[in-house]
Amino acid sequence: MTTDDHGKDADQGETGDGLATGAKARLEANLTRIEELTQRLVGAMGQGRQVPPSLQGPSHDLYMKAAGTYWAEMMRDPARMMEHQLGYWGKTLRHYVEAQQQLVPGAAPVASEKKGDRRFSNPLWDTHPWFNFIKQQYLTNAEAVRMAIDSIEGLEPREKKRLDYFATQIVDMFSPTNFLATNPDALQKALETEGQSLIDGLENLVRDLEANKGDLVVTLADGNAFRVGENLATTPGEVVFRNHLFELIQYAPQTEDVHETPVVLFPPWINKYYILDLKPQNSLIRHVVEQGYTLFVVSWINPDPSYAEIGMTDYVEDGYLQAIETVKEICGVKKVNAVGYCIAGTTLSLTLSVLKARKDNSVNSATFFTTLTDFSDQGEVGVFLDDDFVDGIEAEAREAGVLDKFYMSRTFSFLRARDLVYQPAIRSYMMGEAPPAFDLLYWNGDGTNLPARMAVEYLRGLCQQDLFATEGFTVAGHLAKISEVTVPVFAVGCESDHIAAWDSSWRGIQKMGSKDKTFVLSGSGHIAGIVNPPAKKKYGYWTNDKPAKTPEEWRAAATKHEGSWWPVWIEWLKPRSGELVPARQPGSKAHPALGPAPGRYVTGGRLAAE
């Protein structure tokens, strides 16, 4: 052996020792970090709220009835049930044999039985025998559950729909991608990062638990990437009125002349208004102002327990009617064009009925974004509207004074559990990734509470009993009926809306008494279908001016258009908005500017702070 060989060996030995020492140090540091995080994890979990049993799932009666019906079917037609079972056993055995064959060198991978499922996009799900077997068996199990539910014939349609929904939730929860040992993406990243991704994931988990006082709420967006009023909700405007329920924002004109009739927009108070003013390029608020309209937007307060007795009448009287009167005073006009989004559209329709009863013609036209007024078919959200849930919601809201945003957010998230629960959790907790800087998801996490009385009135009288579309809903001293909405109407439904199904929205619009009704179906869902600026040319929309008896008939004869429905709505507003007048600056002598948009309420300020 030469001197050079001895020197080379010595260098390698030193390098190897150094690597070993460094790896050992990293391991010890990670173990120490895990111990610290575990202690914090245990402490944070101990602070979590005790969710009432009635809000943890449907009544056990549903499952007991389903089980009883299933066994009755089995006794009545055992051959059919055995056919299902034997089919399941056969597929399971075949998958096991295929997995064994894949272990043979050079064996071809088993073709996937379910293409297009984003959960299984990693090639290892098809090429690796272990992961392929896990995937195939999971899909077989999921199919078996679906067939078992489909075979149950003794349940009411509503019960069948609920059983199907909650069974799907359970099936999705047990997806192999939700567990570290059966998630190849997470395992690969753990190896590539020497376990650092798991440490980062544990830190993310502890962070979320501590930030939410023990409640596990996955952070969907980078909270440091956005500031309301700085890089979100930046359209120039002024708060020109404030009371205990809302701030009224008047936006600065972007044109020399504006239409005489102003527009007042009522966003839902389940979330904050700036979904319509995220960034300049996707801001509906900015777009309306740039088209030559004087725009006012209501920014609702986030209620605390002191608002427990605030009900639907308060929102109509002190919210809608007060805002409409203030806008008329500031602009010196007799009428406004009103817009309502989601629950705010439902309440706008109630307000229009009240105004008609009072012979008040203050609203010239009404626009409804993804609005339900006919609740005979509650859509996907209807699985949460039976008494087993609503009784629990009422008890919780009465005790707390508000329906906490935690419950609303969790309900809507589980309507899209794969996208809003499991995938974010996998990325954050298994992969150790930081939340993305995504404006829409940031807004989604900035929820609000609902006053106890208002929440119960809405759930009982409108959602459950469908009073507005049937015998009438009592509000503001009037028995409001849907047929009393007689102003010109423009309505937008969204094709894949999980909250306000477009066909239910269409049916409600048809029951209104207006003779001037336009319905547009936008592509995408409850949010993206509305926040769909023309420049992006996404999703598209459908129109149909022909009479139709059902939403299916309307859709079949509708014409598909590319791009956004925004220009269509703006053109609809023009002939209903009067002549052009010199642009108005925010406020008036009687209503001076109180501060710049986005105002105090959207950032958590209170009236009492004045």
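Looking only at distances, no side-chain donor or acceptor of Y273 sits under 3.5 Å from a matching main-chain atom of A233. Of the possible donor and acceptor atoms, none in the side chain of E396 sits under 3.5 Å from a partner among the backbone N and O of I393. Between the T351 side chain and the T347 main chain, a donor and an acceptor come within less than 3.5 Å of each other. Judged by distance alone, with hydrogens and angles left aside, the side-chain atoms of D497 form a donor-acceptor pair with the main-chain N or O of A500 at under 3.5 Å. Remark: the backbone N or O of E317 is not paired with any side-chain donor or acceptor of Q322 at under 3.5 angstrom. N449 contributes no side-chain N or O that, together with a main-chain N or O of D404, makes up a donor-acceptor pair within less than 3.5 Å. Distance alone, capped at 3.5 Å, places no donor-acceptor pair between the S505 side chain and the T370 backbone. With hydrogens and angles disregarded, no donor-acceptor distance shorter than 3.5 Å links the side chain of K515 to the backbone of T486. Within the 3.5 Å criterion, the main-chain N or O of A357 finds no donor-acceptor partner in the side chain of E484. Distance alone, capped at 3.5 Å, places no donor-acceptor pair between the D439 side chain and the K279 backbone.
Rounding to the nearest 0.5 angstrom, the gap separating the CZ atom in F468 from the OG1 atom in T474 is 12.0 Å. With rounding to the nearest 0.5 Å, the separation of CD1 in I343 from CE in M312 is 6.0 Å. Note that CG of L321 is 5.5 Å distant from CZ of R358, once rounded to the nearest 0.5 Å. Remark: C342 SG to F368 CZ distance equals 13.0 Å, nearest 0.5 Å. For the atom pair I285 CD1 and I249 CD1, the distance stands at 7.0 Å (nearest 0.5 Å). Atom-to-atom distance recorded for R416:CZ and D419:CG is 4.5 Å, nearest 0.5 angstrom.
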Margin query: Show, in sequence, the C-alpha distance, side-chain angles and deciding distance for I270 and F412, and conclude whether the side-chain contact (heavy atoms from CB on, under 4.5 Å) test is met.
Written below: CA-CA 11 Å; I270 291 174; F412 292 135; 4.0 Å; yes

Next item on the list: Decide side-chain contact (heavy atoms from CB on, under 4.5 Å) for R162 and D388; before the verdict, give the C-alpha distance in whole Å, the side-chain angles of both, and the deciding distance to 0.1 Å.
Entry: CA-CA 12 Å; R162 299 188 84 212; D388 52 1; 3.0 Å; yes

Next item on the list: Evaluate the criterion salt bridge (charged side-chain N to carboxylate O under 4.0 Å, His left out) for residue pair R460 and D391; output intermediate values, then yes/no.
Entry: CA-CA 10 Å; R460 295 292 192 195; D391 289 349; 2.6 Å; yes

Next item on the list: Please lay out, stage by stage, how D516 and S514 fare under the test side-chain hydrogen bond (donor to acceptor under 3.5 Å, both in side chains).
Entry: CA-CA 5 Å; D516 179 1; S514 173; 5.7 Å; no

Margin query: Could you go through V263 and F296, starting from their C-alpha distance and side-chain angles, then the distance that decides it, and tell me whether this counts as side-chain contact (heavy atoms from CB on, under 4.5 Å)?
Written below: CA-CA 6 Å; V263 177; F296 294 79; over 6 Å; no

Check: Passes side-chain hydrogen bond (donor to acceptor under 3.5 Å, both in side chains), R146 versus T168? Steps please.
Finding: CA-CA 8 Å; R146 175 75 52 230; T168 299; 3.0 Å; yes

Next item on the list: May I have the step-by-step check of side-chain hydrogen bond (donor to acceptor under 3.5 Å, both in side chains) for Q510 and D374, ending in yes or no?
Entry: CA-CA 10 Å; Q510 305 316 304; D374 175 358; over 6 Å; no

Note to self: One pair to check against side-chain contact (heavy atoms from CB on, under 4.5 Å): K481 and F473. What are the steps and the verdict?
What the structure shows: CA-CA 7 Å; K481 296 184 178 181; F473 179 81; over 6 Å; no

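Within the 4.5 Å cutoff, the side chain of Q464 has heavy atoms near those of the D387 side chain. Side-chain contact between S299 and K272: absent, with no pair of heavy atoms (C-beta onward) separated by less than 4.5 Å. Using a 4.5 Å heavy-atom threshold, the side chains of W269 and L245 count as separate.
For Y165 and F384, the ring centers sit closer than 6.0 Å to each other. The distance between the ring centers of F246 and F241 falls below 6.0 angstrom. Here F226 and W443 keep their ring centres 6.0 angstrom or further from each other. Outside the 6.0 Å centre-distance limit, the rings of Y601 and W300 are not counted as a close aromatic pair. Ring to ring, W565 and Y539 are not that close: their centroids are 6.0 angstrom or more apart.
In this structure, a donor-acceptor pair under 3.5 Å is absent between the side chains of S376 and D466. At a cut-off of 3.5 Å, with distance as the only test, no side-chain donor of N532 or Y541 sits close to an acceptor on the other residue. With no hydrogens or angles considered, no side-chain donor-acceptor pair links T261 and N364 at under 3.5 Å. One side chain, S353 or H478, offers a donor N or O that lies under 3.5 Å from an acceptor on the other.
A salt bridge is absent between D360 and K335; no separation between the charged side-chain nitrogens and carboxylate oxygens falls under 4.0 Å. Under the 4.0 Å criterion applied to side-chain N and carboxylate O atoms, D503 and R555 are not assigned as salt-bridge partners. With respect to the salt-bridge test (charged N to carboxylate O, under 4.0 angstrom), the residues R453 and E457 qualify. Between R242 and E247, at least one side-chain N (NZ, or NE/NH1/NH2) sits under 4.0 Å from a carboxylate O, which counts as a salt bridge. R418 and D172 are joined by a salt bridge, as a carboxylate oxygen and a charged side-chain nitrogen come within less than 4.0 angstrom of each other. Using a 4.0 Å cut-off between charged nitrogen and carboxylate oxygen, K328 and E325 count as a salt-bridge pair. A salt bridge is defined here as a Lys NZ or Arg NE, NH1 or NH2 lying under 4.0 Å from an Asp or Glu carboxylate O, and D164 with K161 fails to meet this definition.
In this structure, W502 and W554 have tilted ring planes: the angle between them lies in the 30° to 60° band.
More than 12 non-hydrogen atoms from other residues, nucleotides or ligands lie less than 6.0 angstrom from CD of Q465. More than 12 heavy atoms of other residues, nucleotides or ligands lie within 6.0 Å of NZ in K517, so this atom counts as buried by the packing criterion.
Nearest heavy-atom pair across T448 and N271 is OG1-N, 3.6 Å. Closest non-hydrogen pair, K549 versus E553, comes out as N-OE1, 3.4 Å. Contact record, M512 with S349: CE-CB, 4.3 Å, taken as the closest heavy-atom pair. The nearest pair of heavy atoms linking P268 to A344 is N-CB, 3.8 Å. Nearest heavy atoms, G587 versus I330: O-CG2, 3.9 Å. In plain terms, the two heavy atoms of S283 and L276 that are nearest each other are OG-O, 3.4 Å.
Shown here are the salt bridge (Lys or Arg N to Asp or Glu O under 4.0 Å) partners of R158, two or more places apart in sequence or in another chain: D386.
With respect to F369, the ring-ring contact (aromatic ring centres under 6.0 Å, His included) criterion is satisfied by exactly one of F490, W569, F266: W569. Under the side chain to side chain contact (heavy atoms under 4.5 Å, CB included) test applied with V363, the options I324, V264, N337 reduce to a single match, I324.
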